[in-house]
Each structure stands twice: as structure tokens, then as C-alpha cells.
There are 2 protein chains.
Amino acid sequence: MNEQQLITRLRSKGYKVTPQRIAICQLILSSKDHPSAEQIYQEVKKTYPAISLATVYITLDLLKKLGLVQELGFSDQSSRYDPNNSPHINVICPRCGKIYDYEAPNVKKLWYRIIAETGLKPLRQRLDLYTLCNKCSQENPTP
Amino acid sequence: MNEQQLITRLRSKGYKVTPQRIAICQLILSSKDHPSAEQIYQEVKKTYPAISLATVYITLDLLKKLGLVQELGFSDQSSRYDPNNSPHINVICPRCGKIYDYEAPNVKKLWYRIIAETGLKPLRQRLDLYTLCNKCSQENPTP
DNA sequence: TTATTAGATAATAATCATTATTATTTAAGA
DNA sequence: TCTTAAATAATAATGATTATTATCTAATAA
């Protein structure tokens, strides 16, 4: 989704288009590492030093309402925001919290077979796979 | 896991066996609805009126360390505790928060194929599928 | 059986991510 | 430009979870 599409999408839903909003949306929608609100805040602050953390939270809520990002809640770290809403696996390191997407046609295909198996109509899904990242498994193999 | 196995497990790890601990463990390990800490607290209070919420949290942490329960963090509700650690789907209602397990041999088999596809070695996983429960979809079909 | 003590409990204070509030500012249409 | 409803920045409030601490007790040994 490019900037013009985003602007159109916001206006069509009656939301105003502000520079802060564009900056936050661009950042999160192009992110690959599922940043937290704080991380987004720190990043956007580089361009908008006066921006408020509350604005970040409000904008993230807006993107959730538009169905453009999914909020991933955790018990051991603050929420992370995922702009990828097609079925994929969030590969998560239980030690450092790093997250990346594993996305492949076969994963999607197999997931659809699982869904068919359940007979349920999913609105969305969240597939988390916990495994030590390379860095953490090297640093301290057996904690 | 019966009470004797639980007691042995606790003692073998150097944890003391207390009546409160047994009550909390029994409750969570036999639960099917992934209760929250508060729900467990309210339930155990019926037998142990003087029990502290802190004790519930400490015991849940202990069960996590033993690998007997998984804590499921959410962004829109407090954590829920899941005693089922084999691959299964948490079917979650996005409106009322109700959770139940969908567990079937085929789901497990397909999930293992997905894992094989990724080439990753999972320590654990969490598979959430969001769909309106019967009650909520009847009450207000289109919000 | 009793004494000892490390760990557990109950009560409650502290933390911190997130949400709510409010005065001020601004986007967008008239 | 003018108007105004919505957005922003600043900050207070909330609430789940964690930390602290003064008893209390399970488990071991005398």
C-alpha cells in the first residue's frame, strides 16, 4: 500500500490526514520486525520530535480498525504490531523477543487445510512459533 | 497428571507442597476454558477464603517454569493459562473473549507438516483462531 | 516428637504499559 | 478566509502484574 492509497483509505473512512499519521502509518506498514508502540514512537520522533506517544497509540488503534495491522499481545513484553494479515508464522525468540515472519505458499496452503478440518470460519489468526534466534542460541546455549 | 504425580513433580524440583499450591494446580491443570489469574483466584477462594492473589500468580509462574502451563498474553484482556501443551488451536471469540481448544489428530499432523516446511525446531507454539462464538454471533450478528 | 530454617503465604505497595482527559491546534469543507 | 469537528501534545488515571515484607509452615534433622 503506497502513500496515495493510504490517504484515500483514511479519507474514505472520515479520518483526517495529518503528517504525524502518515509518518506512523508508513513506518508500521512497511515494517518487517513487528515493532512495539515505544519503538515506533522513538523512530517517528526522529522526524517529528514533538510527537506524543498517545498519538502513536491512537494511530495504531485506527490501523487496527481499518484491518491493516494486527496487535499481538504478549505476557512477557509489550504489544507488537504486525502489518501482515495473511496467514503466516510469527517466529519468536523466547529469550530476546525478536520476531520475524515465516511466510511461504505451503504454510498458507497447509493452514487452510487445518481451517477446513476445523470447519470454522476464521476472522483472523495468529500463529506463533517459539524458537531461539541464532544470536541467543550462540550466546548461552543452555540457560 | 494426578495429585500424586503433581506432588512428586513439585518435590523433585525443590518446591514445597502446600494445600494452596495443590488447589491452584489441580484447578488450572484440569481446566478447559483457559482461565485468567483472577478467575482462578475467585474459584480457589471458595475453598481457601484467605488465599492471596499473589499466591495465584506465583503458582502460575511455577507451573510455567515446570512447563505444565502456557501463559497466553492478549492485548484486549488479561492473560489466560493453558494447561494443554500439545499443538492445538485456541478458538477465541473476539467479542466476549471465550476460548476453547480445538484438538484433533489431523490438526496436529498438519501442524507438524508446517513445522517441517519451515525447518525450524519449535520449543512451543501458539495457534489462535478468531471467530465469533455462537452466543455472540446470535446476539448481534453485524456490530 | 520437637526444633530449625528455607521457602511459602497474605497483605499490600510499586511498576509500567496503555487508556482517558483536556486545552490547544489543524485539516477540510463551506 | 472562516468554521468546526477532529487530531495532537501533554499528562493524569487505570489496572494487571510484580515486588516487598512480616508472618507462617513444610520438610528435614536432632
Side-chain angles (χ1 to χ4, degrees), chain A residues 3-4 6-25 27-28 34-42 44-66 69-81 97, chain B residues 3-4 6-25 27-28 34-42 44-66 69-81 97:
Chain A
E3 187 165 323
Q4 198 48 58
L6 174 65
I7 290 173
T8 306
R9 186 73 168 270
L10 289 173
R11 290 230 176 87
S12 75
K13 296 285 179 180
Y15 295 115
K16 287 186 180 171
V17 175
T18 68
Q20 295 96 325
R21 218 159 242 189
I22 294 292
I24 295 167
C25 291
L27 186 64
I28 177 68
H34 306 61
S36 65
E38 182 64 32
Q39 287 169 333
I40 296 164
Y41 174 58
Q42 292 303 334
V44 177
K45 243 166 101 165
K46 293 176 184 169
T47 332
Y48 295 90
I51 205 161
S52 167
L53 181 55
T55 300
V56 173
Y57 275 106
I58 291 168
T59 306
L60 288 169
D61 257 8
L62 185 158
L63 288 169
K64 281 198 287 176
K65 280 184 207 152
L66 293 177
V69 305
Q70 182 179 30
E71 180 176 358
L72 303 175
F74 292 94
S75 60
D76 59 345
Q77 59 171 313
S78 45
S79 280
R80 308 278 291 256
Y81 296 84
Chain B
E3 187 165 324
Q4 198 47 58
L6 174 66
I7 290 174
T8 306
R9 187 71 168 270
L10 289 172
R11 290 232 176 87
S12 75
K13 295 285 180 182
Y15 295 115
K16 287 186 180 171
V17 175
T18 68
Q20 294 96 325
R21 219 160 240 189
I22 295 293
I24 295 166
C25 291
L27 186 65
I28 177 70
H34 306 60
S36 64
E38 183 63 32
Q39 287 169 333
I40 295 165
Y41 174 58
Q42 293 303 334
V44 177
K45 242 165 102 164
K46 293 176 185 169
T47 332
Y48 295 91
I51 204 160
S52 166
L53 180 57
T55 301
V56 173
Y57 274 107
I58 290 168
T59 306
L60 288 169
D61 257 7
L62 184 158
L63 289 169
K64 280 197 288 175
K65 279 183 208 153
L66 292 177
V69 306
Q70 182 178 30
E71 179 176 358
L72 303 176
F74 292 94
S75 60
D76 59 346
Q77 60 171 315
S78 45
S79 280
R80 309 279 291 256
Y81 295 84

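When reading the values below, keep in mind they use all heavy atoms of this one structure, side chains included, and skip hydrogens, waters and symmetry mates. Fair warning: this is a prediction, and the values are worked out from it, not measured in the lab. Lettering of chains follows the sequences in order, A, B, ..., and the numbering in each one begins at 1.
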With side chains defined as the heavy atoms from C-beta onward, is the minimum distance between [X] and [Y] less than 4.5 Å?
X	Y	answer
L10(B)	L66(B)	yes
R21(B)	L62(B)	yes
V44(B)	T55(B)	no
I40(A)	T59(A)	no
P19(A)	Y48(A)	yes
Y15(B)	R9(B)	no

To the nearest Å, give me how far apart [atom1] ([X]) and [atom2] ([N]) are.
X	N	atom1	atom2	result
Y41(B)	dT17(D)	OH	P	14 Å
F74(A)	dT17(D)	CZ	C1'	18 Å
Y15(B)	dT28(D)	OH	C1'	19 Å
L62(B)	dT9(C)	CG	C1'	13 Å
I58(B)	dA10(C)	CD1	C1'	10 Å
I22(A)	dA7(D)	CD1	P	13 Å
L10(B)	dG7(C)	CG	P	15 Å

- Task: Spell out protein contact along nucleotides 15-20 of chain C as letters: B when the base is contacted, S when just the sugar-phosphate is, - when no protein heavy atom is under 4.0 Å; keep the 5' to 3' order.
- Result: --SSBB

Would you name the heavy atoms of [X] and [Y] that are closest together and state the gap between them?
X	Y	result
E71(A)	S79(A)	OE2-OG, 2.8 Å
P49(B)	T47(B)	CD-O, 3.4 Å
A37(B)	V56(B)	O-CG1, 3.7 Å

- Item | Phosphate contact (dA10(D) OP1 or OP2) by S52(A) side-chain N/O below 4.0 Å | no

- Message: Check this one for me: any side-chain N or O of R21(A) less than 4.0 Å away from OP1 or OP2 of dT8(D)?
- Response: yes

- Item | Candidates L60(A), L27(A), L72(A) - the one meeting side-chain contact (heavy atoms from CB on, under 4.5 Å) with Y81(A) |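 When side-chain contact (heavy atoms from CB on, under 4.5 Å) is applied between Y81(A) and each of L60(A), L27(A), L72(A), only L60(A) qualifies.
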
- Message: Roughly what angle, to 10°, lies between the helix axis at the start of the helix from dT1(C)-dA30(D) to dA30(C)-dT1(D) and the one at its end, five pairs per end?
- Response: 30°

Contacts under 3.5 Å, N or O only, protein and nucleotides 23-27 of chain C:
unit_1: dA27(C); atom_1: O3'; unit_2: V17(A); atom_2: O; d: 3.3
unit_1: dA27(C); atom_1: N3; unit_2: K16(A); atom_2: NZ; d: 3.3

- Under the 3.5 angstrom rule, does the side chain of Q42(A) hit a backbone N or O of Q39(A) as a donor-acceptor pair? no

